[in-house]
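The next block holds one structure in the form of structure tokens; read it before the comments.
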2 protein chains.
Amino acid sequence: MTPVSGDPITEERRLPDAAVGRLPVYLRALTALQASGTETVSSDQLADLAGVNAAKVRKDLSHLGSYGTRGVGYAVEQLQFQIARALGLSGDLPVAIVGLGNLGRALAGYRGFAPRGFRVVALFDNDPTLVGEQVGDLLVRHAGDLEQVCADEKVAIGVVTVPVAAAQQATDRLVVAGVRSILNFAGTVVSVPESVSMRQVDLASELQILSYHQQRIATTG
Amino acid sequence: MTPVSGDPITEERRLPDAAVGRLPVYLRALTALQASGTETVSSDQLADLAGVNAAKVRKDLSHLGSYGTRGVGYAVEQLQFQIARALGLSGDLPVAIVGLGNLGRALAGYRGFAPRGFRVVALFDNDPTLVGEQVGDLLVRHAGDLEQVCADEKVAIGVVTVPVAAAQQATDRLVVAGVRSILNFAGTVVSVPESVSMRQVDLASELQILSYHQQRIATTG
DNA sequence: GCATGTGAATAGATTCACAGCG
DNA sequence: CGCTGTGAATCTATTCACATGC
């Protein structure tokens, strides 16, 4: 059911989750291609750069619309633009980091966010001895100010890097502050309302998954 | 009860990838249950704790063998043991971190690895001004010593936290050193031989995926 | 009775293979 | 001719629903 064939740019399809997960990888590759002055790219080349196969690239991109040229490939800049649009990457999205331990500090200083569309605009911690400290070019704010600051700064995404025991509370505060996207590094399950999306990155789990594969090879030849 | 055919403990099934990805979550939940003195757990309870549904828990666990009791549930300690075994978590697996920027340092000091079966045993960097520096209770070694040190320390897993431009080289060095499992934080595709497993964690990609969902909700009600 | 374990049903993702078009 | 875009086929994962057995 197309919502009326009106404004073609508003045509919103629903992308398969698996495809959404790969779009950032394609986008990275396209940015590198653009930097090197390449104007067009085939699904084969892009597949190589992204570490997947060509059929997958074509299927994934076909969900965005028909932006390739048969016999030629995809125009790098156009595709870049379309993927960025599909991902909602309009300008800099404001990010807040909650929890300024080792990991929070590392992320606060991470140079890789800006070129990919994000800007860290606020840092929070519970610990009064950290509040007021300067980290990069931001001051650490008290978690109590979270609601106010997130509203002022129009924070779109919250990154939770607090210890396990504080993760649910930190998340709840972000939700109350109206933040609808949360990236959680705490190794624990956190619940959020339906209306909020959350992704979890658990470093120890990643290592355990690797451990499985290693052991598997070791015991089965 | 007892698996009949052949050595019971060597009975190796192949677990579906999706199940492998969830075992660490179950294991975390079981550890918490054990700490609180709980002796048995039903698939329903475990599902709650893991943030998935009960059918999935039962199907996943059934791949390990039949360790539940009908009408009762699973014995927490036994299940913990079986999952740890399936994941190959025997004692402490030695981990090396390559790249001591912000993120590498954060991981070097991360307290969450030890309780989940890993021990950071070596730190490497290319930068001579960092070599010899003490980080936590380890000294930073030069990347040139990687092969020697990884062999001495029997490193099982390498964590790559170098800048994008150095990621392939750092990975190659680990591979040459015989490390067969690699966790890569650099936002770039890295190739490894068939025999090596690699997992990639790209923080900016995670944020971009969140951005997609947020924008989707915003534009479609 | 109650919760596991599992076949069967469904949904989703990947791959194939080729028609269609520049 | 070469490469995209896509139906069809395959493979994988999830969910259902219930027989099974403590």
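Just so it is clear, the values below take in all heavy atoms, side chains as well, and ignore hydrogens, waters and symmetry mates. In what follows, every chain begins at residue 1, and chains take the letters A, B, ... in the order their sequences are listed.
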Stepwise side chain to side chain donor-acceptor pair (under 3.5 Å) check, B/Asn102 with A/Tyr110 = CA-CA 7 Å; B/Asn102 287 332; A/Tyr110 183 48; over 6 Å; no
Evaluate side chain to side chain contact (heavy atoms under 4.5 Å, CB included) for A/Phe113 paired with B/Leu203, printing each intermediate quantity in order.
-> CA-CA 8 Å; A/Phe113 290 142; B/Leu203 305 174; 3.8 Å; yes
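Looking at A/Glu147 and A/Arg173, their side chains never come closer than 4.5 Å, going by heavy atoms from C-beta outward.
Taking atom OH of B/Tyr67 as the reference point, atom C1' of C/dG5 lies 14 Å away to the nearest angstrom. One can place CG of B/Leu79 at 16 Å from P of C/dA3, the figure rounded to the nearest angstrom. For the pair B/Leu61 CG and C/dG5 P, the computed distance is 8 Å after rounding to whole Å. To the nearest angstrom, P of D/dC3 lies 14 Å from CG of A/Leu46. Taking atom CG on A/Asp48 and atom C1' on D/dC3, their separation rounds to 15 Å, with Å as the unit. One atom, NE2 of B/His63, and another, P of D/dT12, lie 12 Å apart when rounded to the nearest Å. Atom NZ of A/Lys59 is separated from atom P of D/dT10 by 15 Å (rounded to the nearest Å). When rounded to the nearest whole Å, the span between CZ of A/Arg58 and P of D/dC3 equals 10 Å.
Proximity of A/Thr69 to the phosphate of C/dG22: no side-chain N or O atom is located under 4.0 Å from OP1 or OP2. At C/dG22, none of the side-chain N or O atoms of A/Tyr74 fall inside 4.0 Å of OP1 or OP2 (strictly under the cut-off). An OP1 or OP2 oxygen of D/dG5 is reached within less than 4.0 angstrom by a side-chain nitrogen or oxygen of A/Ser66. Contact annotation: B/Ser42 does not reach the phosphate of C/dA3 (side-chain N/O to OP1 or OP2, under 4.0 Å). Between B/Arg22 and D/dT14 there is a side-chain polar atom (N or O) within less than 4.0 angstrom of OP1 or OP2. Applying the 4.0 Å criterion to OP1 and OP2 of C/dT15, one finds that A/Asn53 has a side-chain N or O inside that range.
Side chains of B/Arg116 and A/Ser205: a donor on one and an acceptor on the other come within 3.5 Å. Side chains of B/Tyr67 and B/Gln82: a donor-acceptor N/O pair is present below 3.5 angstrom, by distance only.
Annotation: of the two residues near DNA chain C, B/Val41 and A/Gly71, the 5′-most nearest-nucleotide partner is B/Val41.
Residue side chain B/Arg70 reaches the base of D/dT20 through a donor-acceptor N/O pair under 3.5 Å, judged by distance alone.
Taking every side-chain heavy atom of A/Asp17 into account, C/dA13 is the closest of C/dT15, C/dA13, C/dG5.
At the heavy-atom level, A/Asp44 lies nowhere under 4.0 Å from the strands shown.
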